[in-house]
Amino acid sequence: MFGFGRKKKSRGLNDVDDLMAQLRPDLSREALGVGPSFPGVAPNPLLNGDARRRIAELRAGTLALGVLVDWREVNSNPRVVLMFDVETAEGVSFRGVADEDLTITELTRLAPGQTVPVRYRPAVMDHYVALARDADPARVRQLSDEIASRKRT
């Protein structure tokens, strides 16, 4: 009668990716131009425990610089998915994705090629990053100088 005894089918990671591709084709891996090892866009971070944990870890992550490649609006909050080419202090480069809630003012200031501080998890290296809004400007300049000097040599 009220669904007792029926097992709820759990969704696997591929099912969520397929569902995301159906609901928002512009957020599929193919539309974003990334390969199968690139993470998908998490369902709503407010409702997903793994996403909340990942975001908390990223907020305390290691500082790096990200050059904005592109972004997509997920909803009108506005929640956006930002894609970055990330460069770390250790010289590692990777494509990163950030799932962020931005203000309208922040959204209007987005421009491809813009360099912003981001945080990542070096122990995981799963392509997820977060905007480092709390980064010390002096530390960001120092990191930028380190990266620039490494590129010159």
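Residues take their numbers from the sequence shown, with the count starting at 1.
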Tell me whether Arg95 forms a cation-pi arrangement with Phe84, defined as NZ or CZ under 6.0 Å from the six-membered ring centre and within 45 degrees of its axis. no
Do Glu87 and Arg150 touch side chain to side chain, with heavy atoms closer than 4.5 Å? yes
Is there a side-chain contact between Val118 and Val86 in this structure, where contact means two heavy atoms from C-beta onward sitting under 4.5 Å apart? yes
At what distance, to the nearest 0.5 angstrom, does CG of Asp99 lie from CG of Asp101? 7.5 Å
Apply the side-chain contact (heavy atoms from CB on, under 4.5 Å) test between Val97 and each candidate in Asp126, Val69, Val81; give the one that qualifies. Val81
Heavy-atom side-chain contact between Arg119 and Thr62 under 4.5 Å: no
Looking at CG of Leu110 and CG of Asp70, how far apart are the two atoms once the value is rounded to the nearest 0.5 Å? 10.0 Å
Starting at CG of Leu143, measure out to CG of Leu65 and round the result to the nearest 0.5 Å. 4.0 Å
How far does CH2 of Trp71 sit from CG of Leu82, to the nearest 0.5 angstrom? 8.5 Å
Walk me through it: do Glu57 and Arg52 pass the test salt bridge (Lys or Arg N to Asp or Glu O under 4.0 Å)? CA-CA 9 Å; Glu57 290 173 4; Arg52 283 194 304 270; over 6 Å; no
Rounded to the nearest 0.5 angstrom, the CG-CG distance for Asp85 and Leu68 is 9.5 Å
Separation between CD (Gln114) and CZ (Arg109), nearest 0.5 Å, reads 10.0 Å
Side-chain touch Asp145/Gln142, heavy atoms, less than 4.5 angstrom: no
Any chance you could lay out the salt bridge (Lys or Arg N to Asp or Glu O under 4.0 Å) test for Arg59 and Glu100, step after step, and finish with the verdict? CA-CA 12 Å; Arg59 297 286 179 229; Glu100 298 281 343; 3.3 Å; yes
